[in-house]
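As the structure is a computational prediction, the values presented were derived from the model and not from experiment. Just so we're on the same page: letters track the sequence lines, and every chain starts at 1.
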Number of protein chains: 2
Amino acid sequence: MGRRTGTRRIGIADVALKAGVSHATVSRVMNGNFTVDPAIAQRVRDAAAELNYQPNPVGRSLALGKTDTIGIVVPDLANPTFQAILRGLSMAAAQDGYRVLIADSSEVSSEEAILAGEARRRCDGLVLCAPRMGDAELEELAPSLHPMVLINRSTTETRVPSLEVDYSQGVQELAEHLVSLGHTSIAFLAGPARSASNRARMAGLNKFRASNPDVELRMLEGGSSFETGHEAVNEVLASGATGVLAFNDLVAMGLLSGLHEHGVRVPEDISITGFDDIPFARYTTPPLTTAAVPITELGERAWHSLRALIRNAEAPDEDTTFQPRLEIRGSTGPVST
Amino acid sequence: MGRRTGTRRIGIADVALKAGVSHATVSRVMNGNFTVDPAIAQRVRDAAAELNYQPNPVGRSLALGKTDTIGIVVPDLANPTFQAILRGLSMAAAQDGYRVLIADSSEVSSEEAILAGEARRRCDGLVLCAPRMGDAELEELAPSLHPMVLINRSTTETRVPSLEVDYSQGVQELAEHLVSLGHTSIAFLAGPARSASNRARMAGLNKFRASNPDVELRMLEGGSSFETGHEAVNEVLASGATGVLAFNDLVAMGLLSGLHEHGVRVPEDISITGFDDIPFARYTTPPLTTAAVPITELGERAWHSLRALIRNAEAPDEDTTFQPRLEIRGSTGPVST
DNA sequence: ACGTTTCGAGAAAACGCTTTCTCAGGATTC
DNA sequence: GAATCCTGAGAAAGCGTTTTCTCGAAACGT
């Protein structure tokens, strides 16, 4: 913070000197404390304006015990879902005068705990976004990170609110949608094995299987990226499925692209669904049928929960589940006969 | 910072007490100062470990005059370009133990100065990303924000390095590419009027015009989003152009989508180019011909410049211009005869 | 054996602010 | 007119570190 820059930043002392009052009075004026004589207050304000004085936030933070900053830990900043959460969080927090500090764990789950701890110490609160760490570690870490809110993950620690998307329900609805179009051979192109949201989807599909014993449902290994979808095209075609549930929109788009290259028509020859409804989903050709998650709102709600926790460390929000909304577009159609 | 959380965070004093030494000694040990008796150092480390002591970064920041944090101000976090810059910056800074604080001005240029100032005061340095503010204001602000680096903008202040993409060159190459395919009627779907990068493209097109007097080049008003491109479809068709230079990939994709809805074939009926080569560009149908900007690298380089400035406030980097690389894909083709 | 370095660790100042404590001096009361 | 109450502003004590200063004791040299 530029002490090295020869010209020392001007501080409260300079203003006090110039206005001929004490540090304390300057502080009072700057913070709108009304127990100051109007004339003196004006003199202080003039001095501050003339010197272009801006209180040093670090000093304030130390004195006040708060930083007006929150942290967010994401597994991968390249993922549009996390980008959208970050954006929602950042916008909402900004409204209340809070800034956000980002920490990207690059999907390295062992880094998460350290990053989270470091971020938490610099901030007034934390948002942990789809942490990849194990349940035990999360459980152990949770108390030391409070106040914090979890996204797409939960813990038994009662003071930690969870915001979760009902992936199980969403994927079931997508599967039902394919069934309603006459598909009886469906494949699920799975996501990262460690991902909690992938497990939730799996659980949903097991339910679906139970209530649709006549439908053939295959599980294919996959990932969470474009490339995953693109590379899976041969496997998908080999499976003989007429409908494919991709882990998310990114994978679906990769698959779409791969199928296009193979001259396979969507949805005439094969139907594809995504998940998330990222901004690009509606602009693919054909537009992607998907389960829309109000993801920016999720970020916004994360802030509101965190704000409640910060303001009153006692009263946590109850957990919240977001229901995805089926968004039927052009990438699904009646099964070819 | 959790003073309200009944159980006060444990500080250096607790460790000192437990180890039976002074604050100073604990600090020395924690910072790897070797002028401490090994036996005592070990005692301190044990005490610290047992109490799970972690130094308070705010206290450190105040004492050291640095926060190990940098700020980035972007006009719109929803824009993939800025997301990519942020990602590159964040990854690179993390390598050196720095975190990044984000500030989104929501394209409101009057907010930029305030946001930038606030961010700067909390951080050791600043990256100002394609600021929308006027030249005069930028010029005036620059000294107070140092150390800072500019992206896609420049200033006469010599201590402020600029990292710029050569949009002028890129758009010329795209135009030449269309010409080489036989197009003689070209339209430019422009970006936001205030955007410096739009002005650069305009300048490039003027050069192009000068060296290609036989080519008809129309300017159409636009913007920087999907929607812009989507809405421009009628105007584009009305222009009669056989080749369209979209402001960026987003606009191109919106246009692509709109043309598809109108049953206009790309590239058979009309050729489209984007700009930036965002990750999705290669996955549209047809894949987008565009000018690839190494945007994540740009963020990375921004950190390197800023790091140099932070480490030695004297020696600024020279400015750097990034040359876009023509990425020819399926959205451009020979003019229909 | 005595004076002079060197070494290691504690005391205290600094960082820049907020806030409690304290105490003049003017206003109020009887 | 003296005792009491406000009011407003300065002095000083934090907040949690780092770092300079200081000083006793041990090590060294003669």
Spacing of A/Arg121 atom CZ relative to D/dT17 atom P, expressed in whole Å: 11 Å

It should be established whether B/Tyr53 places a side-chain nitrogen or oxygen under 4.0 Å from OP1 or OP2 of nucleotide D/dT17. yes

Report, as yes or no, whether the 6.0 Å neighbourhood of atom CD on A/Glu139 holds more than 12 heavy atoms from other residues, nucleotides or ligands. yes

Looking only at C/dC17, D/dA9, C/dT19, the nucleotide nearest the A/Leu64 side chain is C/dT19

Are A/Ser22 and D/dA11 close enough that a side-chain N or O sits under 4.0 Å from OP1 or OP2? no

Salt bridge (charged side-chain N to carboxylate O under 4.0 Å, His left out) between B/Arg153 and B/Asp135: does it pass, once the steps are laid out? CA-CA 9 Å; B/Arg153 200 68 190 276; B/Asp135 281 336; 2.8 Å; yes

Could you check which of D/dG8, C/dT18, D/dG16 has an atom nearest any side-chain atom of A/Ile12? C/dT18

Could you please name the option among C/dG8, C/dG16, C/dC15 that lies closest to any side-chain atom of A/Leu62? C/dG16

No-hydrogen, no-angle side-chain donor-acceptor test under 3.5 Å, A/Thr67 and A/Asp124: yes

Reckon B/Ser27 touches a base, only the sugar-phosphate, or nothing at all at heavy-atom distances under 4.0 Å? base

Taking atom P of C/dC15 as reference, at what distance in whole Å does atom CZ of A/Arg9 sit? 15 Å

Atom CD1 of B/Ile40 and atom C1' of C/dG10: how far apart are they, to the nearest Å? 11 Å

Starting at the 5' end of DNA chain D, which residue's closest nucleotide do you reach first, A/Pro38 or A/His23? A/Pro38

Could you state the atom-to-atom distance from CG of B/Asn33 to C1' of C/dC7 in whole Å? 12 Å

Tell me if the CD atom of A/Glu140 is crowded by more than 12 foreign heavy atoms within 6.0 Å. no

Do A/Arg28 and D/dG10 have a side chain to base donor-acceptor pair shorter than 3.5 Å? yes

Please report, rounded to the nearest Å, how far the P atom of D/dG16 is from the CE atom of B/Met30. 15 Å

Looking at every heavy atom in both A/Pro143 and A/Glu157, which two are closest together, and how far apart are they? CG-OE1, 3.5 Å

State which of C/dT18, C/dA9, D/dA11 makes the closest approach to the side chain of A/Arg60. C/dT18

Expressed in angstrom and rounded to an integer, what is the separation of B/Lys66 atom NZ from D/dG16 atom P? 21 Å

Which residue lies more 5' along DNA chain D, comparing A/Phe34 with A/Ala24 via nearest heavy atoms: A/Phe34

D/dC15 phosphate, OP1 or OP2: any side-chain N/O from B/Asn56 under 4.0 angstrom? no

